[in-house]
Amino acid sequence: MKLNERSLAFYATCDSPADNAGFLYKRGERHTAYHRRWFVLKGNMLFYFEERESREPVGVIVLEGCTVELCDSAEEFAFAIRFGGTKSRTYVLAAESQAAMESWVKSLSRASFDYMRLLVRELEKQLEEMCWGPAGGCGGCRESPGSWKPKPSGPERSPERLPALPTVLPKENGCAVWNNAPGADRPPNTSVCGGHDSEGNPRPPPLPPRRRALSSEAGSAGVAAAESPSTFCRLHEQYGREVARLQQDWLERRRGPR
C-alpha cells in the first residue's frame, strides 16, 4: 500500500479534532529501548512525533486488522498492537499511568473501520426495532417493512365466492368507478332474494354517491397530513440537534479561552 507522505503530514498536523493525543513510550523495532513520543490518533491512523511541537510525524500506524491487548514488559502500563500474519510487526507501547493506558486501549480498539461497521449495523438494528417493534408505529408488528401487507378491513371471504370483476374498470375523471362496470345500469333482479345474483354469488353492497371534496376540506386534510411528523423526521431532527451541538463544542474548543 502506497501512502502520500505530504498528505499524511498535513492530515496529522491540521486543525481537525483528534480522537486521542498524548505522550507514550514506544519500544524500538531493533533495539528494546523505549523512546518517549507524542502520539495523535485520528480515525484509524495513529501518528507519532519526536516532540509535541514537531511539524511532521516520524511514522504512522494504520489500525486495520489488528488487536490491542495488554502485555508484559519492563515498562509499567504497557500494551501491544498486534497484526495478523507471520511477518507483521508488533508495536509495544507504554503509558505514564493506569488511566492513560485504559484510555488509549479503548480508543485504539474502536478506531478501525471494522468496529465502525459493527456499530452501524447495531444502530440500524435498533432503529428497525424502534420502527417495527412493540412500541413502533406499526401497531406492534414484528415483521420487516418489506414483508408487511395491508389487511382487509371487511369480513374475509373465500376466493371462490368473490364476484367476478372486469379486467379493466372504466374510469371517470381519472378514477375507477364501480357503477360504470358492465351491467351496472341494469335494473336489479327481484326474482332472486338474499343479496345474491342469478348464479348464487354474493352481490357487493351498493356504494354511496360520489361527491366532490370542497377546497376547504382538502386544504385542512393536507395541513393535518403535513403536521403529523413521521418517525424519520423526528430522528432526523434529534440527530441534527446533536450534530449541531457537537460542532459548536468543537468550534469553542478550537477558539480557546478568551
Side-chain angles (χ1 to χ4, degrees), residues 1-5 7-127 239 242-243 245-254 256:
M1 181 177 62
K2 296 182 179 180
L3 299 177
N4 191 309
E5 295 184 2
S7 299
L8 285 178
F10 174 79
Y11 178 60
T13 56
C14 66
D15 296 335
S16 61
D19 299 319
N20 204 345
F23 282 104
L24 292 174
Y25 293 92
K26 175 180 172 295
R27 192 176 70 180
E29 182 177 5
R30 298 180 179 179
H31 306 283
T32 58
Y34 283 84
H35 302 277
R36 192 168 184 257
R37 297 286 184 260
W38 175 257
F39 282 80
V40 176
L41 175 62
K42 288 187 176 183
N44 65 338
M45 294 186 177
L46 179 62
F47 301 94
Y48 53 95
F49 304 77
E50 289 187 359
E51 299 294 338
R52 184 173 183 176
E53 294 78 13
S54 301
R55 298 304 303 171
E56 291 186 1
V58 178
V60 59
I61 305 174
V62 181
L63 301 172
E64 293 296 336
C66 63
T67 58
V68 183
E69 56 188 28
L70 303 181
C71 65
D72 296 332
S73 177
E75 290 289 335
E76 196 175 5
F77 312 121
F79 58 94
I81 303 176
R82 303 183 186 277
F83 291 86
T86 57
K87 298 183 179 181
S88 300
R89 178 183 174 183
T90 299
Y91 295 87
V92 180
L93 308 174
E96 296 179 345
S97 63
Q98 179 72 20
M101 180 191 69
E102 294 177 357
S103 175
W104 274 107
V105 170
K106 182 183 298 184
S107 300
L108 297 175
S109 301
R110 300 177 178 180
S112 65
F113 280 109
D114 291 336
Y115 176 83
M116 295 298 297
R117 187 181 298 109
L118 294 176
L119 183 61
V120 169
R121 289 179 180 175
E122 182 64 24
L123 292 176
E124 290 177 347
K125 182 179 178 181
Q126 294 180 8
L127 179 60
Y239 286 111
E242 182 69 16
V243 170
R245 184 180 64 82
L246 294 176
Q247 184 180 9
Q248 185 65 24
D249 294 342
W250 176 72
L251 290 175
E252 292 179 359
R253 290 195 303 268
R254 181 180 178 184

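Because the structure is a prediction, the values reported are computed rather than measured. Numbers here are sequence positions counted from 1.
- Contact detail for Ala12 and Phe49: the closest heavy-atom pair is CB-CZ, 3.9 Å.
- Taken to the nearest 0.5 Å, the CZ atom of Phe47 stands 5.0 Å off from the CG atom of Leu8.
- Taking all atoms of both residues into account, the shortest heavy-atom contact from Ala94 to Glu76 is CB-O, 3.8 Å.
- In terms of heavy-atom proximity, Gly84 sits nearest to Ser88 at O-OG, 2.7 Å.
- Tested against Leu108, the residues Thr67, Leu63, Asn20 include a single side-chain contact (heavy atoms from CB on, under 4.5 Å) partner, Leu63.
- Taking the charged nitrogens against the carboxylate oxygens, Arg245 and Asp249 do have a contact shorter than 4.0 Å, which makes a salt bridge.
- Around atom CD of Glu69, more than 12 heavy atoms belonging to other residues, nucleotides or ligands sit under 6.0 Å away.
- Formation of a donor-acceptor pair under 3.5 Å by the Ser107 side chain with backbone atoms of Trp104 is not found in this model.
- With a 6.0 Å radius and a threshold of 12 heavy atoms from other residues, nucleotides or ligands, Phe23 has its CZ atom above the threshold.
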>> Phe83 vs Glu64, test: side chain to side chain contact (heavy atoms under 4.5 Å, CB included). Steps then yes/no.
In response: CA-CA 8 Å; Phe83 291 86; Glu64 293 296 336; 6.0 Å; no
Mind running side chain to side chain contact (heavy atoms under 4.5 Å, CB included) on Phe77 and Glu75 for me, showing each step along the way?
CA-CA 7 Å; Phe77 312 121; Glu75 290 289 335; over 6 Å; no
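- Note that the NZ atom of Lys26 and the CD1 atom of Ile61 stand 7.0 Å from one another [nearest 0.5 Å].
- When all heavy atoms of Ala80 and Thr90 are compared, the closest pair comes out as CB-CG2, 4.0 Å.
- Within a 6.0 Å radius of CZ in Arg89, more than 12 heavy atoms belonging to other residues, nucleotides or ligands are found.
- At most 12 heavy atoms of other shown residues, nucleotides or ligands fall within 6.0 angstrom of atom CD in Gln247.
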